[in-house]
Student: 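Mind looking over this structure? Questions follow.
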Amino acid sequence: MSSDNSTGLVELAKRRGFFLQTAGAYGGVSGFYTFGPEGAALKRNIEDSWRDRFAIREGNMEVDAPTVLPEPVFEASGHLDGFDDMLVECPECGESHRADHIVEDRTDIEEAESIPVTEVEELVAEYELVCPTCGAGLAGQAIEDFNLMFETNIGPGSSASGYLRPETAQGIFIEFPQLAEYARNQLPFGVTQIGRAYRNEISPRKSLLRVREFTQAELELFIDPEEDEPALESVADVTAPFYPASDQTADDGEAREMRIQTVVDEGIVGKPWIAYYLGIAKQWYDTIGVDMDRFRFRQHRSGERAHYATDCWDAEAEVDGDWIELGGFAYRSDYDLSKHDAYSDEEFTVFRQYDDPVTVEQPTVDPDMSYLGPAFGDDAGAVAGAIENLAARNPGAFEGENVSVAVDDDSYTVPVEKTGFSVEEVTESGKHVTPHVVEPSLGIDRALYTALDHCYRDDEVDGETRSYLALPQTVAPTTVGVFPLMDRDGMGEYARDLATELREAGLSVTYDDSGAIGRRYRRQDEVGTPFCVTVDYATLGEARADADEAAGPDTVTIRERDSTAQTRVAVEDLAETLTALRDGRATFDDV
RNA sequence: GCGCCGUUGGUCCAGUGGUAGGACAUUAGCUUCCCAAGCUAAUAGCCCGGGUUCAAUUCCCGGACGGCGCACCA
């Protein structure tokens, strides 16, 4: 049924230059696609549209980080462990299973994911674990360690390992200290990036929807969780279908159309910042051609959330009868910045000044090491540390003559006068804050594919079927087709000059003088060109018996793609008219 | 990765143990004054490797790629 549509779309994509499988001349390679001329233009327009909405209009800044990053970055981010799958294949039935999951299910061991492969193999043998599908013993089966990241070496030799980034986000997080400086250490601020990311998928499928190299558009918004609130008013009345986790487990659960303000007020979306960007994203997907009747926001159920996310919503679209993920909206809290703060040499915080400095009493100690050393020998350093901790934790303990601290299993008693304990008044002008991260992360390729799928139409014109792409004029690869009615009597020259003129006015124009006019219209319909301009005899000022009354010299027809309706405009107004149509400042009916 | 099925001009298909045919598209010409018309001609193909055979696009084995199912999707 709907797979016919996807077959037709893939065929159209290849035939008309939207996208094709990479390296077909060499047998092809799974999971990689090359965008052809139409596809590259469409993709660029979608990216520009995203940039305009999520970066420029929101006042966020855009960066461009490398696709290769050194190994320590991914140790900190958790991708080296978390992105690792341990696959074990059953010798009897051939099914593959996650070995770490089997271990977790059948033993008391948790987080088997972080156990080295060789040890997991030993555990499988030790507990005599069996295949969940057929019950055959798995002992002795090799466990394949599969990391979804592409590994590479940086520089000669293999001294420095690097990985192709599995998401663009880390490229932003690791530069946070400098980016915060650019933002003058003022929260909130947002950093966007559009770029390629790579995942060595086990099984790429479904054309552009699951690939090994793809383009992400991400925004990392850094906020003070205690202070910053989104300007919800601007999207409060936007409505979208919401599909909360609780409804997904119900038998008759389905998405419900609700206002952004409502989902915030009722706590359906827990974080107002997430709700704010859901509202913006909904509007944006609409403008690039995603059908809002086949669109929803679905909340992740607790089991499917990523390692960093505390609340996560996906934008989903229905394509070929399946709901696919278009993007994720995650509240990442301070997970990423805290990790990089801990793993790197830099501080990943901003200093927030109080309106009025506060004075606090702060207990301090200055242990007398000339006493502790002789008294406790090798343990003296640990004892000093314990005293310091105690002072911070429980200053009251220093009120007597002696304090006792525990180091390992031993207890040590120290005279208070040797600890250098005192309570000082300290004036704090502010505090270091680790910002929380709000992350709208969108897949450009999936958005593009969905827009194509949702805009692919068939209808009938004068008894002939035609197929066309009802792409919004802002993202269509080409805005205007310019044709001479026939390439004779000077119409070709006039039309070519007109095409040049329109290009100079900043429009994306294609010129075509081959074959019959109807064929040329259909060609442009198929690649989604919203407007076609035709130069005819009336344009040249030649009176014709059947000329329509509006026709005059230096006028041309403009034909609209979806309705195939035509109207006549003066050539001198043409560039402005078309620009207005493209930018949505005018509709075809206004012309 | 596993299982089933498949792979023939740019696209969609037919077909054969003796290297292939159609439709659409493309190009050139004729025709045509607004929606894939017609006529003429041209361009262009058996996924890759090995085996069997006098001969393989066809049969067998392996691979690549694709579709579906399973698994996976941080």
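Throughout, a chain's letter reflects where its sequence line sits, starting with A, and its residues are numbered from 1.
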Student: Protein-nucleotides 22-27 of chain B N/O pairs closer than 3.5 Å?
Tutor:
unit_1, atom_1, unit_2, atom_2, d
B:rA25, OP1, A:R519, NH1, 3.0
B:rU26, OP1, A:R523, NE, 2.9
B:rU26, OP1, A:R523, NH2, 2.3
B:rU26, OP2, A:R519, NH1, 2.9

Student: Between the base of B:rC34 and the side chain of A:Q566, is there any donor-acceptor pair under 3.5 Å?
Tutor: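 When only heavy-atom distances are counted, A:Q566 does reach the base of B:rC34 through a donor-acceptor pair under 3.5 Å.
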Student: Please determine, for the side chain of A:L485, which listed nucleotide (B:rA36, B:rG1, B:rC34) has the closest atom?
Tutor: B:rC34
Student: Could you tell me whether A:Y331 and A:H436 have their ring centroids closer than 6.0 angstrom?
Tutor: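 That pair passes the under 6.0 Å test.
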Student: Knowing that exactly one of A:H300, A:Q299, A:K271 qualifies, which makes a side-chain hydrogen bond (donor to acceptor under 3.5 Å, both in side chains) with A:D311?
Tutor: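 Of the listed options, the one satisfying the test is A:Q299.
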Student: Can you check the distance between B:rC24 and B:rC34, where both ends of the measurement are the C1' atom (answer in whole Å)?
Tutor: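 My reading of the C1' atoms in B:rC24 and B:rC34 gives 23 Å.
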Student: More than 12 non-hydrogen atoms from neighbouring residues, nucleotides or ligands closer than 6.0 Å to NZ on A:K339, yes or no?
Tutor: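 Above 12, so yes.
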Student: For B:rC61 and B:rU52, measure between their C1' atoms and round to the nearest Å.
Tutor: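 Pairwise C1' distance, B:rC61 against B:rU52, rounds to 11 Å.
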Student: side-chain hydrogen bond (donor to acceptor under 3.5 Å, both in side chains) with A:T529: which of A:R561, A:E38, A:Q524?
Tutor: A:Q524
Student: At a cut-off of 3.5 Å, list every protein nitrogen or oxygen paired with a nitrogen or oxygen from nucleotides 61-65 of chain B, distance to 0.1 Å.
Tutor:
unit_1, atom_1, unit_2, atom_2, d
B:rA64, O2', A:G27, O, 3.2
B:rC65, OP1, A:S30, N, 3.4
B:rC65, O4', A:G27, O, 3.1
B:rC65, O3', A:Q21, NE2, 2.4
B:rC65, O2', A:Q21, OE1, 3.2

Student: Report yes or no: is there a donor-acceptor pair, N or O only, under 3.5 Å between the side chain of A:T557 and the base of B:rC34?
Tutor: yes
Student: What class does the angle between the rings of A:Y449 and A:F19 fall in, given that below 30° is parallel, 30 to 60° is tilted and above 60° is perpendicular?
Tutor: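 Rings of A:Y449 and A:F19: tilted, 30 to 60°.
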Student: Are the side chains of A:E218 and A:P440 in contact, using a 4.5 Å heavy-atom criterion?
Tutor: no
Student: Roughly how many Å is it from CG in A:D458 to P in B:rA36, rounded to a whole number?
Tutor: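 Rounded to whole Å, this separation is 16 Å.
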Student: Charged N to carboxylate O below 4.0 Å: is that the case for A:R523 and A:D512?
Tutor: yes
Student: Categorize A:T22 for me: base, sugar-phosphate, or nothing, with a 4.0 angstrom heavy-atom threshold over every strand shown.
Tutor: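 No contact.
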Student: For the rings on A:F222 and A:F176, is their centre-to-centre separation under 6.0 Å?
Tutor: yes
Student: Between the base of B:rC35 and the side chain of A:R520, is one N or O donor paired with an acceptor at under 3.5 angstrom?
Tutor: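 No such pair is found, so the answer is no.
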Student: From the options B:rA71, B:rC35, B:rC12, select the nucleotide whose nearest atom is closest to the side chain of A:E11.
Tutor: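 Nearest to the side chain of A:E11 among the choices is B:rC12.
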Student: Any non-hydrogen side-chain atom of A:T450 less than 4.5 Å from a side-chain atom of A:L326?
Tutor: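 In short, these two side chains touch, coming nearer than 4.5 Å.
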Student: Do the side-chain N or O atoms of A:K206 get closer than 4.0 angstrom to the phosphate oxygens (OP1, OP2) of B:rC68?
Tutor: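 Checking B:rC68 against A:K206, a side-chain N or O does come within under 4.0 Å of OP1 or OP2.
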Student: Quick one: which of B:rC68, B:rA71, B:rC34 gets closest to the side chain of A:S203?
Tutor: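 Minimum distance to the A:S203 side chain belongs to B:rA71.
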Student: Residues two or more places apart in sequence or in another chain: which of them pass ring-ring contact (aromatic ring centres under 6.0 Å, His included) with A:F173?
Tutor: none
Student: Kindly indicate, with the supporting measurements, whether the criterion side-chain hydrogen bond (donor to acceptor under 3.5 Å, both in side chains) is fulfilled by A:T587 and A:D590.
Tutor: CA-CA 5 Å; A:T587 66; A:D590 300 334; 3.2 Å; yes
Student: Using atom C1' in both nucleotides, what's the gap between B:rG9 and B:rG1 to the nearest angstrom?
Tutor: 35 Å
Student: Which residue lies toward the 5' end of RNA chain B, A:A516 or A:K14, if each is placed at its nearest nucleotide?
Tutor: A:K14
Student: Closest to the A:R466 side chain: B:rC35, B:rA36, B:rC34?
Tutor: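 Nearest listed nucleotide: B:rA36.
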Student: Under a cut-off of 3.5 Å for both distances of each Watson-Crick or G-U pair, what dot-bracket string does RNA chain B give, using [ ] for crossing pairs and | for inter-strand pairs?
Tutor: (((((((..((((....[..)))).(((((.......)))))....(((((..]....))))))))))))....
Student: Take atom P in B:rG50 and the same atom in B:rA37, then report the distance between them in whole Å.
Tutor: 46 Å
Student: Would you say A:S161 and A:I154 make side-chain contact, with heavy atoms under 4.5 Å?
Tutor: no
Student: Please report the distance separating the C1' of B:rU11 from the corresponding atom of B:rU26, rounded so that it comes out in whole Å.
Tutor: 11 Å
Student: Mark yes or no for a side-chain to base donor-acceptor pair under 3.5 Å between A:R561 and B:rC35, with no hydrogen or angle criteria applied.
Tutor: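 No, the side chain and the base share no sub-3.5 Å donor-acceptor pair.
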Student: On a whole-Å scale, what distance lies between the C1' atoms belonging to B:rA20 and B:rA44?
Tutor: 13 Å
Student: Which residue in the set A:Y285, A:Y243, A:F242 passes ring-ring contact (aromatic ring centres under 6.0 Å, His included) when paired with A:F295?
Tutor: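 Of all the options given, the one that passes is A:Y285.
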Student: If you restrict it to nitrogen or oxygen atoms, what contacts under 3.5 Å exist between nucleotides 3-8 of chain B and the protein, and what is each distance?
Tutor:
none

Student: If the condition is salt bridge (Lys or Arg N to Asp or Glu O under 4.0 Å), which residues does A:K206 pass it with, not counting sequence neighbours?
Tutor: A:D322
Student: Could you measure the distance from the CD atom of A:E572 to the OG1 atom of A:T577? Nearest 0.5 Å is fine.
Tutor: 10.0 Å
Student: Roughly how many Å is it from OH in A:Y521 to P in B:rC35, rounded to a whole number?
Tutor: 8 Å
Student: Relative to the 5' end of RNA chain B, which residue comes earlier, A:E325 or A:R559, by the nucleotide with the nearest heavy atom?
Tutor: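 On the 5' side of the pair lies A:R559.
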Student: Taking B:rG49 as the reference, what is the distance to B:rA23 when you measure between their P atoms (whole Å, please)?
Tutor: 31 Å
Student: Can you tell me, in whole Å, how much space there is between the P of B:rG17 and that of B:rU7?
Tutor: 16 Å
